[in-house]
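Following: one structure in structure tokens, then a few remarks.
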Amino acid sequence: AAGASEAPTAAAAGDGEPSEAEAIPFSPRRCLFDRRHFDDMEECLKYMWRTYDFAVPDREYCTDVPKLLRALWSRVSEPPHACLFCNRKFQDAGSCRRHMLDKRHARIGTEARTRTGKTDEAGSQELQEVLEEFYDFHGSTREVTERIRDPGEKAACLLRFFDADRDGRLNHEELSALWAAASA
């Protein structure tokens with residue numbers, strides 16, 4: 001592809017991993033699933049979308065795409081080599097990438113599963129924590145509240161948004177987050 005280049009130790013994702021000495025350094029212009037490298041990050045993201053159906057979800061709310069890509073790269077390339085979608089752990093990055101490609105897990109997940117298909121609560125929490133620092137959905141709250149005309153519904157929507165533990169009440173921490181967002 002135009003704008004793409006192969007690393008000196010070129011091999012497809014399934015052709016084996018480089019040794020520690022040959023480890024490929026991170027770049028937001030490098031594909032997460034093979035060794036292709038592009039002139040810019042946008043070309044790389046387009047390639048990953050066309051080739052692997054990978055996309056940064058809710059990109060308009062992502063505060064730092066290059067740092068998100070670095071975190072995803074680290075999850076796959078560094079121990080414990082975790083799948084981005086199901087959070088399954090592998091012995092090496094090559095096995096992790098092969099799993100993601102074979103299972104069509106070349107996407108970002110928020111709900112981890114056990115081998116028997118049940119929800120893995122701890123794994124799901126881990127996936128969500130990885131993504132949390134790269135997203136700011138406060139703008140989405142403004143969009144919703146601008147479309148809602150009834151003041152009571154608008155207030156309820158805002159309160160539900162900040163009710164992190166979903167208990168129907170705002171504790172001190174949740175109220176502080178609401179106050180900070182309203183003051184911004």
Side-chain angles (χ1 to χ4, degrees), residues 26-33 40-42 44-46 48-49 52-90 96 99-100 103-184:
F26 168 77
S27 166
R29 301 177 326 222
R30 185 172 306 285
C31 178
L32 296 171
F33 310 105
D40 67 43
M41 183 181 71
E42 291 305 318
C44 182
L45 288 169
K46 286 177 190 172
M48 289 192 290
W49 169 250
Y52 301 109
D53 289 331
F54 173 84
V56 173
D58 300 315
R59 185 159 177 195
E60 64 273 18
Y61 301 110
C62 185
T63 58
D64 195 334
V65 174
K67 283 186 181 174
L68 172 63
L69 292 173
R70 175 180 289 285
L72 299 176
W73 175 270
S74 295
R75 284 189 64 75
V76 173
S77 300
E78 299 170 5
H81 308 289
C83 173
L84 301 177
F85 184 72
C86 70
N87 204 41
R88 183 174 166 192
K89 309 296 192 282
F90 294 87
C96 183
H99 160 83
M100 290 192 296
K103 298 288 186 181
R104 298 186 157 285
H105 284 187
R107 56 186 182 214
I108 299 173
T110 56
E111 191 171 277
R113 298 281 179 186
T114 64
R115 289 185 184 252
T116 59
K118 295 186 169 117
T119 301
D120 174 6
E121 295 297 330
S124 296
Q125 183 68 29
E126 182 182 331
L127 284 169
Q128 291 167 12
E129 286 172 2
V130 167
L131 298 174
E132 194 172 86
E133 74 177 275
F134 302 105
Y135 284 89
D136 180 4
F137 288 102
H138 289 96
S140 64
T141 305
R142 281 191 286 277
E143 290 172 14
V144 169
T145 58
E146 287 172 5
R147 284 183 289 188
I148 298 173
R149 300 288 179 229
D150 179 46
E153 284 183 46
K154 194 177 281 194
C157 178
L158 283 170
L159 293 173
R160 279 192 305 274
F161 179 82
F162 287 96
D163 185 14
D165 57 9
R166 304 290 183 243
D167 65 352
R169 297 180 178 87
L170 295 183
N171 61 33
H172 185 268
E173 186 178 308
E174 295 164 338
L175 188 56
S176 295
L178 170 62
W179 185 257
S183 303

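Throughout, residue positions are numbered sequentially from 1 according to the sequence presented.
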Partner residues of E133 under the side-chain contact (heavy atoms from CB on, under 4.5 Å) criterion, sequence neighbours left out: none
At what distance, to the nearest 0.5 angstrom, does CD of E129 lie from OG of S124? 11.0 Å
Polar contact flag, side-chain donor to acceptor under 3.5 angstrom, Q128-E132: no
Which salt bridge (Lys or Arg N to Asp or Glu O under 4.0 Å) pairs, counting each pair once, include a residue from residues 71-89, with sequence neighbours left out? R75-E126, K89-E126
Measuring only between side-chain heavy atoms, which start at C-beta, is Y135 closer than 4.5 Å to V56? yes
I want to check something: taking the side chain as every heavy atom from C-beta on, are T63 and L68 in contact at a cut-off of under 4.5 Å? no
For D120 and G123, indicate whether the former's side chain and the latter's backbone hold a donor-acceptor pair under 3.5 Å. yes
side-chain contact (heavy atoms from CB on, under 4.5 Å) against R70, all qualifying residues, sequence neighbours excluded: F26, S74
At what distance, to the nearest 0.5 angstrom, does CG of L127 lie from OG1 of T110? 7.5 Å
State, yes or no, whether a side-chain contact exists between R113 and E111 at a heavy-atom distance under 4.5 Å. yes
Mind checking side-chain contact (heavy atoms from CB on, under 4.5 Å) for F85 and listing every partner two or more places apart, or none if nothing turns up? C83, H105, R107
Please check: side-chain N/O of E174 versus main-chain N/O of N171, any donor-acceptor pairing under 3.5 Å? yes
Let's go through L69 and M41 carefully: what are the C-alpha distance in whole Å and the side-chain angles of both, what is the deciding distance for side-chain contact (heavy atoms from CB on, under 4.5 Å) to 0.1 Å, and is it a yes or a no? CA-CA 10 Å; L69 292 173; M41 183 181 71; 3.8 Å; yes
Distance in Å, D58 CG paired with L131 CG, rounded so as to fall on 0.5 Å steps: 10.0 Å
Heavy-atom side-chain contact between I108 and V130 under 4.5 Å: no
From CZ (F90) to CE (M100), nearest 0.5 Å: 8.5 Å
Does any part of the side chain of R104, heavy atoms only, come nearer than 4.5 Å to the side chain of Y52, both counted from C-beta? no
What pairs with S27 under side-chain hydrogen bond (donor to acceptor under 3.5 Å, both in side chains), at least two apart in sequence or on another chain? H37
Test side-chain contact (heavy atoms from CB on, under 4.5 Å) applied to E121 - qualifying residues, sequence neighbours left out: T119
Can you measure from CG (L32) to CG (L84) and round to the nearest 0.5 angstrom? 6.5 Å
If we only count heavy atoms from C-beta on, is the E42 to L45 side-chain gap below 4.5 Å? yes
Where do F54 and F33 land on the side-chain contact (heavy atoms from CB on, under 4.5 Å) test, with the steps shown first? CA-CA 10 Å; F54 173 84; F33 310 105; 3.7 Å; yes
